[in-house]
Amino acid sequence: MAENTGAVVDIIIPIYRCGAGFRNILDRLLKQTVKPNHIFLLQTVERESELLKEFESSIISVHPVMKKDFDHGATRHKGAEMSEADFILFMTQDAVPKDSRLIESLLVPMEDQRVAISYGRQLAGEDADILEKMTRVYNYPGESCIKSMDDTERLGIKTYFCSDVCAMYRKSVYNKLGGFVRKTIFNEDMIMAAKVINAGYNVAYCASARVIHSHSYTCIQQFKRNFDLGVSQKQYHEVFESVSSEKEGAGYAKKVVKALLRRGKIREAFYFVMQCVFKLAGYRIGLNYNMLPKKIILKCTQNKEYWE
């Protein structure tokens with residue numbers, strides 16, 4: 001057990017059109033070995049009458065975020081401002097805790113006062129395709145690690161890698177550093193992780209804190225996601241310009257193609273290469289979004305509301 005289990009932990013989850021399975025996620029969070037103090041659900045709505053009041057209880061509250069006002073950084077920061085806990089755990093509405101020790105496991109690295117963020121391992125769902133499963137294994141391996149400023153030359157942009165699909169923040173450091181950027185199209189978690197590391201704190205990857213979370217994106221969806229990624233890196237170039245990004249992606253692509261070919265998965269290898277082409281194209285175009293007319297941007301992005 002973590003020595004930190006006396007700490008107060010709040011959970012913050014942005015939700016939008018969440019399916020029937022979301023109740024199962026809430027039930028799993030309520031059955032954790034370390035109980036959450038409060039769960040804040042930030043529901044994106046067009047009218048407040050759409051609020052899912054049926055989820056509310058003594059420790060769960062639902063708060064409206066008007067659709068026109070949703071922002072990856074500002075919306076989460078709204079939840080953070082509501083919390084007075086020692087630690088805040090950000091999750092997404094489709095991240096399913098693997099077991100009852102998720103919160104307990106994320107707290108273990110926090111015993112070191114230098115650790116400001118502890119993020120969990122994402123496992124592919126049973127219905128995920130082979131490419132998504134390999135991506136999850138690559139980005140979320142079975143070994144935990146602590147990342148600091150000393151790792152930027154060795155790990156490049158992976159030093160700042162962090163995902164708010166399941167990430168716990170030390171509230172005192174979060175407040176000290178001003179919290180998430182507002183506004184941002186994407187990538188608020190990596191921007192915050194970079195802020196944390198550049199301030200002299202550490203980011204922990206906790207492999208024992210597991211959630212089931214995966215998506216099998218089409219090539220067009222990959223293009224749009226990476227366009228938005230490029231936009232965020234352009235807008236916050238001071239964060240990302242000092243670390244290698246494309247080199248990291250190329251190294252991963254080579255490993256996956258070789259692994260697929262060794263298994264005789266020729267069709268999958270070809271499709272993966274196509275995905276990489278779309279991802280790189282989206283990313284490169286996103287880096288130059290400021291040179292594009294708005295009508296082209298709206299065709300490239302997956303977050304049209306951001307540009308309104």
Side-chain angles (χ1 to χ4, degrees), residues 4 7-16 18 22 25-26 28-30 32 34-44 55 59-63 65 70-98 102-110 115-123 139-140 147 160-197 201-206 209-215 232 303:
N4 250 321
V8 178
V9 179
D10 283 344
I11 301 176
I12 299 167
I13 310 177
I15 61 174
Y16 179 60
C18 51
F22 184 62
I25 292 175
L26 290 178
R28 289 180 178 231
L29 290 173
L30 295 174
Q32 292 290 303
V34 176
K35 306 295 183 187
N37 173 65
H38 197 85
I39 299 177
F40 297 93
L41 303 181
L42 307 177
Q43 183 185 352
T44 298
F55 287 137
I59 65 168
I60 301 175
S61 56
V62 186
H63 306 269
V65 176
F70 176 83
D71 175 79
H72 284 278
T75 297
R76 288 176 170 85
H77 184 68
K78 176 181 178 178
E81 287 186 313
M82 296 178 188
S83 171
E84 296 181 357
D86 303 307
F87 301 96
I88 44 178
L89 170 56
F90 290 95
M91 295 185 66
T92 55
Q93 67 184 42
D94 54 352
V96 183
K98 177 69 174 174
L102 177 67
I103 298 176
E104 177 186 333
S105 297
L106 288 169
L107 280 169
V108 172
M110 294 293 192
V115 173
I117 303 175
S118 174
Y119 70 97
R121 183 182 185 186
Q122 297 181 34
L123 305 174
N139 285 330
Y140 303 95
K147 297 182 289 187
Y160 302 151
F161 183 76
C162 174
S163 175
D164 280 340
V165 165
C166 177
M168 181 179 286
Y169 293 73
R170 188 181 300 277
K171 186 64 160 41
S172 59
V173 177
Y174 178 91
N175 289 341
K176 177 182 176 182
L177 299 181
F180 293 123
V181 290
R182 288 92 65 188
K183 103 187 203 158
T184 180
I185 190 171
F186 197 52
N187 228 21
E188 83 293 333
D189 38 23
M190 286 184 66
I191 294 170
M192 188 66 197
K195 191 187 296 188
V196 160
I197 285 175
Y201 296 97
N202 297 341
V203 171
Y205 165 58
C206 186
R210 300 172 298 168
V211 294
I212 300 169
H213 178 262
S214 57
H215 297 283
S232 73
N303 291 295

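Remember, predicted model here, so these are calculated numbers, not experimental data. The basis for the numbers below is simple: all heavy atoms, side chains too, and nothing from hydrogens, waters or symmetry mates.
- Proximity of a side-chain donor or acceptor of N37 to a complementary backbone N or O of V8 within less than 3.5 Å is not detected.
- When all heavy atoms of L41 and F22 are compared, the closest pair comes out as CD2-CZ, 3.7 Å.
- Counting non-hydrogen atoms of neighbouring residues, nucleotides and ligands closer than 6.0 angstrom, the NZ atom of K176 reaches no more than 12 such neighbours.
- A donor-acceptor contact shorter than 3.5 Å links the side chain of Q32 to the backbone of I103.
- Inspection of the D94 and H215 side chains reveals an N or O donor paired with an N or O acceptor under 3.5 Å.
- Across H213, Q122, R121, a single residue satisfies side chain to side chain donor-acceptor pair (under 3.5 Å) together with S163, and that is Q122.
- For R76 (side chain) and A74 (main-chain N/O), no donor-acceptor pair under 3.5 Å exists by modelled atom type.
- Using modelled atom types, one side-chain atom of R170 and one backbone atom of V115 make a donor-acceptor pair closer than 3.5 Å.
- Of the possible donor and acceptor atoms, none in the side chain of Q43 sits under 3.5 Å from a partner among the backbone N and O of P14.
- Y169 and D164 share a side-chain donor-acceptor pair at under 3.5 Å.
- Side chains of Y174 and H77: a donor on one and an acceptor on the other come within 3.5 Å.
- In this structure, OG in S118 is found 9.0 Å from CG in L89, a value given to the nearest 0.5 Å.
- Side-chain atoms of K171 never come within 3.5 Å of backbone atoms of V9 as a donor-acceptor pair (strictly under, hydrogens ignored).
- Here the CD1 atom belonging to I191 is positioned 12.0 Å from the OH atom belonging to Y160, to the nearest 0.5 angstrom.
- Between the side chain of K195 and the backbone N or O of G179, at least one donor-acceptor pair lies under 3.5 Å.
- H38 and S61 share a donor-acceptor pair across their side chains, judged by distance under 3.5 Å alone.
- The aromatic ring centres of Y119 and Y205 sit less than 6.0 Å apart.
- Taking NE2 of H72 as the start and CZ of R182 as the end, the distance is 15.5 Å to the nearest 0.5 Å.
- A distance of 5.0 Å separates CZ in F40 from CG in D10, rounded to the nearest 0.5 Å.
- Summarising the geometry of R28 relative to P97, their closest heavy-atom pair is NH1-O, 2.7 Å, with the distance given to 0.1 Å.
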